[in-house]
Peer 1: 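Dumping the structure here so I can ask a few things about it.
Whatever order the structure lists them in is the order used to number ligands and atoms, beginning at 1.
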Amino acid sequence: MNTTQDRHRGTRRHVGRTGALAAALGMALLSGCQQVRQSISIGDMSSAYNREIWWMSLWAIALSIIIFVGVSYALFYTVSKFRDDRHGAEPAQFHGNNRLEVALVVVPVIIVFGLSVLAVKSLAVVNNVNAEAPKIDVLGRQFWWNFGYPAATAAAGGVVTNGNEMIMPAAQPVAVTVTSGDVIHGFWAPNVGGQRAAMPAVKKTWMIDSDRPGAYQGNCSQLCGASHANMRYKVVVLEQARYTATLNAMQAYRAPEPAPGSAEARGYALFMQGKPSTGAVACASCHRVQGTTAAGAAGPDLSFFGTRRTLGAGIWEAMTEAHWTDEKAAAELHAWLKHSPVVKPGSLMPRYDGGEYLVQGKSVKGGTLTDTEIDDIAAYLRSLQLPAEADYWKGTPVMGAPTAGGTP
Ligand code: CUA
């Protein structure tokens, strides 16, 4: 019941002879090689949602086995008892056997009714939304996710939201309300239960939960465009106390003010104003950073970018202590800022290398930023960090990965 997607990138490693062709292909497309395992499990019993579905399935499978055995017995019994004899005599006729005909109608009706009772009971359990439960608003867009905490008002104004990384408490069902800002997406983090379509103008609420703290893989499960497969997210399940503390820190958070003359300060200026002389659009027109005037909603919230360990809706991960200062991760961040539509097909983020990219079928020319300017923006983004004690990755085991977040 596990599926694992492996991605190779960035560094050298040994590949067996059988894998040589695939490796050559991979190397041609990508440079280097570091493995990012994306592991999901629909049979994760640490979620009450999954346990409910599991027990319903077991009953349905058990009933199916009983039906199979019953039908097989009836078949073999009939074949053996009423088989053609050697004398060519007419077999016994039972046309008009009312008892048999009634049984043949009633028994299947009882079976179907029994199965439907099981299904309806489970539907009622998994769709039972508790009004007292913590709420998370999920917005899917081409090709990223935003997670909002409607009960958590930020001291700096607005509601706490985080792009592509969702935190939730352990051992406490959470009411998730899913919608879409454009086409239909699918919210699917099977370890914490269930799957729902994210539809524009429709809000669907249901409960998800997990007893076990850890970081779980989420994917978009509805074909939604060029980067459907690059529309991932992480669900980080935290112990109750840690969850509350983290959310409190997020509420209190204001983006740090960069020291005058620093790379962060230059990056901040570019982030807020862009570089109109070259047509480079301001990041702030599409992204929100809590505690600044950046309030764009066309792209994911970047308030805690420095704490986040996924980039480009999870197509890159930096699960080490150094995360975005790690050499390879820094190169990925640089490439992302420079020309996101090149590294992620269909990305609506502008190119900053002066190249052209497609927006709704129309070719648009991006502005130009120098590599130094891009690095300044990266430095500013890295500085957007929650206090160390609110780093939800620190020590968090990552599902399917050998290491915890925050430990190399
Ligand atoms: Cu969004 Cu597939």
Side-chain angles (χ1 to χ4, degrees), residues 2-7 9 29-30 36-42 44 49 136-149 161-168 174-206 208 215-236 286-288 296-302 305 308-317 332 336 339-351 357-362 399-400:
N2 286 311
T3 62
T4 302
Q5 301 168 302
D6 294 336
R7 282 197 320 117
R9 49 164 205 180
L29 295 167
L30 311 157
V36 176
R37 295 176 67 82
Q38 313 266 350
S39 187
I40 54 175
S41 167
I42 56 170
D44 189 337
Y49 188 107
I136 301 178
D137 290 335
V138 179
L139 170 72
R141 297 200 63 171
Q142 285 172 320
F143 299 96
W144 50 273
W145 300 89
N146 240 22
F147 301 101
Y149 298 80
T161 59
N162 197 10
N164 301 315
E165 292 178 6
M166 175 179 130
I167 61 163
M168 63 179 268
V174 172
V176 199
T177 302
V178 178
T179 189
S180 163
D182 38 50
V183 300
I184 301 176
H185 302 279
F187 178 96
W188 193 47
N191 290 85
V192 295
Q195 170 177 209
R196 287 291 185 280
M199 289 180 279
V202 175
K203 289 185 172 186
K204 289 261 183 194
T205 303
W206 87 106
I208 56 172
Y216 302 98
Q217 183 62 33
N219 292 306
C220 179
S221 58
Q222 176 77 45
L223 182 61
C224 58
S227 268
H228 157 65
N230 296 323
M231 190 173 163
R232 306 176 196 167
Y233 56 99
K234 294 281 184 192
V235 175
V236 181
C286 291
H287 297 280
R288 172 178 181 268
D301 191 306
L302 297 177
F305 182 86
R308 277 162 45 181
R309 300 207 174 188
T310 59
L311 172 66
I315 63 174
W316 293 282
E317 294 180 5
E332 280 151 4
W336 175 256
H339 44 212
S340 146
V342 172
V343 291
K344 181 170 173 177
S347 168
L348 294 179
M349 191 166 133
R351 282 177 75 158
Y357 63 105
L358 286 177
V359 177
Q360 292 180 335
K362 271 185 290 180
M399 175 76 183

Peer 1: Hey, which N, O or S atom on His185 ends up closest to atom 1 (Cu) of ligand 1?
Peer 2: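 It is ND1 of His185.
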Peer 1: Can you confirm whether the side chains of Gln142 and Ser227 place a donor and an acceptor under 3.5 Å from each other?
Peer 2: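 Distance-only check fails for Gln142 and Ser227.
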Peer 1: Rounded to the nearest 0.5 Å, what's the gap from CZ on Phe143 to SG on Cys224? Could you check?
Peer 2: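 These two atoms lie 5.0 Å from each other.
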Peer 1: How wide is the angle at atom 2 (Cu) of ligand 1 spanned by His228 ND1 and Cys224 SG, rounded to 10 degrees?
Peer 2: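 Rounded to 10°, it measures 130°.
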Peer 1: Taking the six-membered ring for Trp, are Phe187 and Trp206 ring centroids under 6.0 Å apart?
Peer 2: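 Yes - the distance between ring centres of Phe187 and Trp206 falls below the 6.0 Å cut-off.
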Peer 1: How large, to 10°, is the angle at atom 1 (Cu) of ligand 1 when you draw lines to SD on Met231 and to SG on Cys220?
Peer 2: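 Value returned, to the nearest 10°, is 110°.
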Peer 1: How far does CZ of Arg309 sit from CG of Asn164, to the nearest 0.5 angstrom?
Peer 2: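 Spacing of CZ (Arg309) from CG (Asn164) equals 16.0 Å.
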Peer 1: Please state whether the separation between atom 2 (Cu) of ligand 1 and some N/O/S atom of Ser227 is under 2.8 Å?
Peer 2: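 So Ser227 does not bind atom 2 (Cu) of ligand 1 by this criterion.
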